[in-house]
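FYI, the numbering just counts along the sequence from 1.
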Amino acid sequence: MGRSGKAKMGLMMLLLTVSMLVPHHCVGAAITCEQVTFLLIPCINYGVFGGTVAPSCCTGIKTLDAAAKTTEDRRKKCNCIKEGAAKIPGLNYDRVNEIPAKCGTTCPYKVTPDVDCSKVN
């Protein structure tokens, strides 16, 4: 297995680990961290390595946008993204924040390690 193959295998293992570590709080919200993680996994490759945003990443973002109907849902989604992103080594937040525009949508906040999700409406 070449260097690229090892990097991709390592990334897949990391993704599986992250999906298991995402916290399970805010039980009342319709959106779960498991859903957020599952739908945004295709975005991680771009966030770490750059290149092209996968169509499945854009589908995931749009699906989450449609599912986040309440302020509680949007805050939950923000917290899940914030906490999940913090566990991904090498994640480039500038690239992460480019993704919505590349997918033809917007995000009302910048994903950063210190974003205050309680202010998301």
Side-chain angles (χ1 to χ4, degrees):
M1 186 179 295
R3 183 177 178 157
S4 177
K6 287 180 183 177
K8 287 181 182 178
M9 180 62 76
L11 181 61
M12 290 305 296
M13 294 303 295
L14 176 66
L15 296 176
L16 290 172
T17 302
V18 168
S19 69
M20 292 184 285
L21 294 175
V22 175
H24 306 271
H25 52 74
C26 300
V27 177
I31 293 176
T32 67
C33 282
E34 290 83 5
Q35 291 167 321
V36 172
T37 301
F38 177 77
L39 291 168
L40 297 183
I41 281 176
C43 302
I44 295 173
N45 194 51
Y46 181 81
V48 174
F49 300 110
T52 303
V53 175
S56 55
C57 169
C58 294
T59 300
I61 287 174
K62 291 175 182 177
T63 300
L64 277 176
D65 287 348
K69 298 183 185 308
T70 67
T71 298
E72 182 182 5
D73 287 339
R74 290 185 287 277
R75 289 178 180 171
K76 172 73 172 186
K77 178 177 85 167
C78 175
N79 276 311
C80 293
I81 292 169
K82 175 183 174 179
E83 293 170 9
K87 295 175 180 140
I88 302 171
L91 188 68
N92 181 311
Y93 284 91
D94 290 333
R95 279 197 291 260
V96 167
N97 287 299
E98 294 171 355
I99 295 173
K102 290 182 177 286
C103 291
T105 188
T106 60
C107 183
Y109 53 88
K110 293 287 184 193
V111 177
T112 64
D114 58 351
V115 62
D116 184 355
C117 295
S118 71
K119 294 182 178 176
V120 171
N121 293 315

* Asked: Does the side chain of V115 come within less than 4.5 Å of C117's, by heavy atoms?
  -> yes
* Asked: When rounded to the nearest 0.5 angstrom, what is the spacing between CG in L64 and CG in L40?
  -> 5.0 Å
* Under 3.5 Å: donor-acceptor pair, side chain of K62, backbone of C103 -> yes
* Minimum-distance pair of heavy atoms, taken over all atoms of P42 and A54 -> O-CB, 4.0 Å
* **Verdict with supporting geometry, K77 and D65, side chain to side chain contact (heavy atoms under 4.5 Å, CB included)** => CA-CA 9 Å; K77 178 177 85 167; D65 287 348; 2.9 Å; yes
* To do: Would you name the heavy atoms of N97 and P100 that are closest together and state the gap between them?
  => O-CD, 3.7 Å
* Structure fact -> Separation between OG1 (T112) and CD1 (I81), nearest 0.5 Å, reads 11.5 Å
* Can you measure from CD1 (I44) to CD1 (I88) and round to the nearest 0.5 angstrom? => 3.5 Å
* To do: For R95 and Y46, work out which heavy atoms get closest and say how close.
  => NE-O, 3.1 Å
* Asked: Is it true that the SG atoms of C80 and C33 are less than 2.5 Å apart?
  -> yes
* **Between CZ on residue F49 and CG on residue L91, distance to nearest 0.5 Å** => 10.5 Å
* Between C78 and Y109, what is the shortest heavy-atom contact and its length? -> CA-OH, 3.4 Å
* Asked: Rounded to the nearest 0.5 Å, how far does CD1 of I99 lie from CG of D94?
  -> 11.5 Å
* To do: Test I31 against every option in T70, L39, V36 by the side-chain contact (heavy atoms from CB on, under 4.5 Å) rule and name the one that passes.
  => V36
* **Side chain proximity check, N121 to R75, heavy atoms < 4.5 angstrom** => yes
